[in-house]
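Notes follow once the structure below has been shown.
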Amino acid sequence: MSGQWFLFSVDLLALFGIYLALNLSLRLQLGYTGIANFGLVLAFTGGAYVGGWLPIRLGMWLVEVDPSLADDMIWNNVIIASQVDLSLHGSPGTAMTILLITLLAAGAAGALLGLQSGYPAVRLGGDYLAISLLAFGEVLAIIGNNYDPVVGGPLGVRIPDVWAWAGDWRFMAASLANCALALGVWLYLDSIEKSPMGRMLRAIRDNPDAASSLGKNVARVRLNVMVTGGIICGLAGAMYTLYTTGVAPSALSRFDWTFLPWVMVVFGGSGSNVGVLIGTFTFILVQKLIISYKFALSFLPFDPVWLQFLLMGLVLILVLNFRPSGLVTEKASYALSRREMAKAAGKESL
Amino acid sequence: MNNLLKIENLNAGYGGIHVLFDVNLDCTRGEAVAIVGPNGSGKTTLLNSIFRLADIFSGSVILDGTEMQKEKSHKVTGRGVGYLRQEGNVFPGLTVEENLKMGAFNLPKGEVGERMEEVLSLVKPVVPFLRRTAGTLSGGEREMVALAVSLMCRPKLLLLDEPTSGLSPIASAQIAELIKNLKDKTRLSMLIIEQNLKILFDVVDKCYLLVSGRIIFSGGPGELQCDKELMRTYLGLA
Amino acid sequence: MHGAMLEVRDVKKSFGGLKAVDGVSISLPRGRITLLIGPNGSGKTTLVNSITGFLRPDSGHVYLEDKEITHWPMHRICKEGMVRSFQLPAPFGGLSVLGNLLVACESACGESLLKCPLKALWKTTEKDNVREAFAMAEAMELTPYWDAVMSETSTGHIKLAEIGRALLAGAKLVILDEPICGVDPVMADEVFSFLIRLRDEQGLTFLVIEHRLDIALKYADYVYVMNQGKLIAQGSVEEVLNDSQVKEVYLGS
Amino acid sequence: MASFIDALTYSALLGLMGFGLTLIRRTTGVWNVAHGEVVTIGSYVALTATSFLAHSPYFYLPLAFLVCAGVSGIIFLAGVEPIRAKGASSILLLVVTIAISLIMIAVINIYADYLQNVFHLSSKNFLFARFDFTLLGQMGILWAAWAALAALTISYYLVLQHTRLGLALRALAEQPTLAVVMGANVKSLSLLSWCLAGGAAGLAGCLFPMRFQCHPGVGTSMIATMFAVSIFGGIEKMYGPLLAGLVLGFAQIYGIDLLSSWVGPGVIPFKDLIPMIVLLLTLQFLPEGLSGFVGRRRG
């Protein structure tokens, strides 16, 4: 029983880390800069495809594998992956090298995808931008599902386990790594909050024309934010793939990786890190609980998974009706502490 | 009670922004009332609040004995109020004739044609453009159409928000002439916002001076004109 | 050009068939307060929008200190030394009054996604900015409200904060579009006195669009009058007020 | 030839789906993401009725129209209008329709599971081609789909041009506030257009399984294509979706066939990319859409 709970918590933690990173990226784009990115799934998928494509090739190159298998990487991918796994078991150094290179590549892919979806963001605004990004988000899914060489078509591929060296603690290590990614993003966003950058982003969000008249290059800042957001999504996508040791394009859906983050962020409040954290945790927990108690609900004449959709939709409607800015609302903050500001202004206190 | 419109202690604004503070105003039948004041003092908000296009926080707007603050926006026209808005006062993609028909939306279908003839006899300059698309008209022509459209609903009370703003002196004079004509020929009450005071001084029976959301003067136009201090300070007439 | 701060030559801008600005040329000498007046819809704001890069003029040229800035984007024009305010309130609603003022201050390192986590890079600049912003709040009599969120502030205070914002952006030429609209008369006089002080002490140049002539005329060095997209008069306050054409169109007499 | 007929049928169905999106956006300024699920409901109305009451699905077109009009109306009244009345931004309204779409996905799937588990219907994958008739040597669906689309577009056009209601709808799309000032009840007009849009989606949903495989996610998976039809067609004119449906339908089915005969069969799986590319290009270079472009050239 305790073992079951342990696995439950570890998996919860892993998903939580991934989603928190993704949601904070949305907060950077939506909450700070006012870009309604309905194509989060794009950069996430980009990162996931890199995670599905690169590690197995790196693995083949770094460790001893039967070279004849390379003739058909997709057909033989399970055999190759398990052979690489065996070697990685004993060599954390190699595994971590693969991890790092993969993350670098995934970040680069995310940046590229962010850059190209940033192009319409500069010219369009409001709901047209949202629809345009939504359409962008579909593009990689269509390619991945239909073009086998990327990650093996709809059914996907298995990839080597870079956490294999941790043995029994493998899931724990991977979950903690996911959370470390989320923590990094959190700290980064927090430092934006407590710097002139956060102020400028909000100014651009609230009134782009006025910000531009005060010398802010609105188009470039928006593009930079899209690229940064893309990097974060790309990293999250790769980490997720490495955690699940597999990637299937059909599982990288608009629902899971665009709409769900939006629900979490709108619920918690896009103006605050804590809000995003609360939103993320609540929905991940509910999702996990529904999946775990699926069998207890087997008397229902339908798949209990749908309850999750129902619940999310209802909660979102309620939040939008009664608290449109989310559970935790934005607070005006300053780059300097009040004491520092008082000192700068030559006053006793503020 | 000869009062057509009575506004009492009106506090209004938009969402969290408070624009009007304790405004009192009345308008009797057949009277033309001017609301003057500098930009941003809340004149348009006052007219909007009659149509519930602005939020009423407290106070009341009574038209002909009915409390309008409980009425839905689209029902106000039916009570006999025509509104010529400052901007967006015609449907640019519709023809002038369609605009006029739309103006009579609250009338029974059979009366539309009859009313259109009445209105066209009051606003004759519109007749030549009936078939044209409103968006292709010049500023002055469009303003005239908008005036005709606001008359289509058989109003008892006509609200005019800067009917001459942005028009050439000739077009302004033409509009002013039409307004004067309307007042003479019909027993229509009017509430007019105008910056170009001179044009309307001989039409208006009463003036209210609105500054920063408060009425600071009310009286005849002559009185306001005599009060050089008020004229200088708030209207920018040097 | 002869070293004028801003030289505008034959600028035209039309919307559809409407010629909003129809060949206007103006010249702003350094260290002067120039007033631009005219009835509603005469094209003043469109002229300012075409000068400051908010709109693209159809034709004509704009020179800032002898450098051609026609068709430059707004942020680049600001960096070059010309900043403008907007007629309708344009607050950064989610920021406080002080935050609004601070946005205008230059903070190169603090406003980069890469460098902003390193506080040491921007801390000193930020302290200077805070000092300047508080001084500006003081001048605009906004000190009691410095921490209030802009979206919940009254229109008058928003206008004042926006003037302060424009002044803080470090410009040599400041264009104010109806700066005292919605501001009470006493405060409005103080705003203009402050502009005079900035003109005298720092040599700033101002172009002010204003409706409330009673207040604005007292402080103007030079006046341009527009009607129907064209300049109809220019000169000193007396000259303009005695111009028959001005009386005709502006005062309606 | 088969693919030509397929393309023609598919075009009409796309047009029907896009019609509703365009109508809703035009009159109320909302991009309705839940429109895809309304289409799916149309298919399930057809499935349920043909399974339990027999007859051909064509027989239930009016029923699908009514049910979907009702569903769409409820979406507007219960979901969108309360939040719109509070002055929500267009983005927030988009999020609202996403929330509604989540709820509807759940309901549709629960219903499909229920049909399968309790009544042992194959509700997760169905096709009604066996019910179809032939007319002039072609499948009935071709005629039915085009008849529905043409009837809808023409009658809507007639209503717009020749009735008071139509005048009000056009006025509402141009200047909502002014329409209110003139006494038009914006709420009921908006409700009407949502119902009509839902009805059109219901027709499309009811006809879709006559020719194409249907499953609980059919509308959801097509929503991006529907957006492409609506935006590419242009929201200013109601014949936009018809035009765009034709172009996109042919590009997706007939065009890709042609392309594959030149560059090889490798391109066929990517036919779903076409609407996305068209959508993105439209937004970048032809923001007023096909009908707006045609209108501009003429006028």
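Lettering follows sequence order; numbering is per chain, from 1.
Cation-pi geometry between D/Lys124 and A/Phe302 is not satisfied (NZ or CZ under 6.0 Å from the ring centre, within 45° of the ring normal).
With a 4.5 Å cut-off on non-hydrogen atoms, D/Phe227 touches chain A through its side chain but not through its backbone. Both the backbone and the side chain of A/Ile143 come within less than 4.5 Å of a heavy atom of chain D. For chain A, the nearby parts of D/Leu273 are the backbone and the side chain; heavy atoms of each come within less than 4.5 Å. Contact of A/Tyr147 with chain D is made through backbone and side chain together, with heavy-atom distances under 4.5 Å. Contacts between D/Thr220 and chain A at a heavy-atom distance below 4.5 Å involve backbone atoms as well as side-chain atoms. Proximity to chain D (any heavy atom under 4.5 Å) is shown, for A/Val139, by both the backbone and the side chain. D/Leu279 touches chain A through its side chain: at least one heavy atom from C-beta onward sits under 4.5 Å away, while N, CA, C and O do not. Only the side chain of D/Val118 comes within less than 4.5 Å of a heavy atom in chain A; its backbone stays farther off. At a 4.5 Å heavy-atom cutoff, the contact between D/Ile223 and chain A is made by side-chain atoms alone. Of the atoms belonging to D/Leu93, not a single heavy atom falls under 4.5 Å from chain A. Both the backbone and the side chain of D/Leu283 come within contact range of chain A, judged by heavy atoms closer than 4.5 Å. For A/Leu134, the part sitting under 4.5 Å from any heavy atom of chain D is the side chain, from C-beta outward, and nothing else.
Taking CD1 from D/Ile110 and CG from A/Leu307, the interatomic distance works out to 5.5 Å, rounded to the nearest 0.5 Å. Of the inter-residue distances, the one linking A/Phe259 atom CZ with D/Ser101 atom OG reads 6.0 Å to the nearest 0.5 angstrom. Atom-to-atom distance recorded for D/Arg25:CZ and A/Ile131:CD1 is 8.5 Å, nearest 0.5 angstrom. Rounded to the nearest 0.5 Å, atoms CZ (A/Arg254) and OG (D/Ser221) are 8.0 Å apart.
The minimum heavy-atom distance linking D/Met276 with A/Ala135 is given by the pair SD-O, 3.8 Å. The two residues D/Ile83 and A/Ile317 come nearest to each other via the heavy atoms CD1-O, 4.4 Å. Considering all non-hydrogen atoms of both residues, D/Ala106 and A/Phe309 come closest at CB-CB, 3.6 Å.
At most 12 non-hydrogen atoms from other residues, nucleotides or ligands lie less than 6.0 angstrom from CZ of A/Phe295. Summarising the local packing, CZ of A/Phe281 is surrounded by 12 or fewer heavy atoms from other residues, nucleotides or ligands at distances under 6.0 Å. Within 6.0 Å of CZ in A/Arg220 there are 12 or fewer heavy atoms belonging to other residues, nucleotides or ligands. Within a 6.0 Å radius of CZ in A/Phe255, more than 12 heavy atoms belonging to other residues, nucleotides or ligands are found.
The choice from D/Leu92, D/Val30, D/Val95 that makes the most heavy-atom pairs within less than 4.5 Å of chain A is D/Val95. When each of D/Thr282, D/Leu102, D/Thr225, D/Ile231 is scored by its heavy-atom pairs under 4.5 Å with chain A, the top score falls to D/Leu102.
Of the possible polar contacts, one joining the D/Asn117 side chain to the A/Pro301 backbone as a donor-acceptor pair under 3.5 Å is found. When atom types are taken as modelled, the side chain of D/Asp272 and the backbone of A/Ile142 share no donor-acceptor pair closer than 3.5 angstrom.
A/Trp306 is not listed as a side-chain neighbour of D/Ile108, based on a closest heavy-atom distance of 4.5 Å or more. Between A/Asp303 and D/Asn109, every side-chain heavy-atom pair lies at or beyond the 4.5 Å cut-off.
Residues in residues 280-290 of chain A take part in these salt bridge (charged side-chain N to carboxylate O under 4.0 Å, His left out) pairs, two or more places apart or across chains: A/Asp11-A/Lys288.
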Pair D/Ile98, A/Trp262 - check side-chain contact (heavy atoms from CB on, under 4.5 Å), show working. CA-CA 9 Å; D/Ile98 287 179; A/Trp262 265 84; 5.8 Å; no
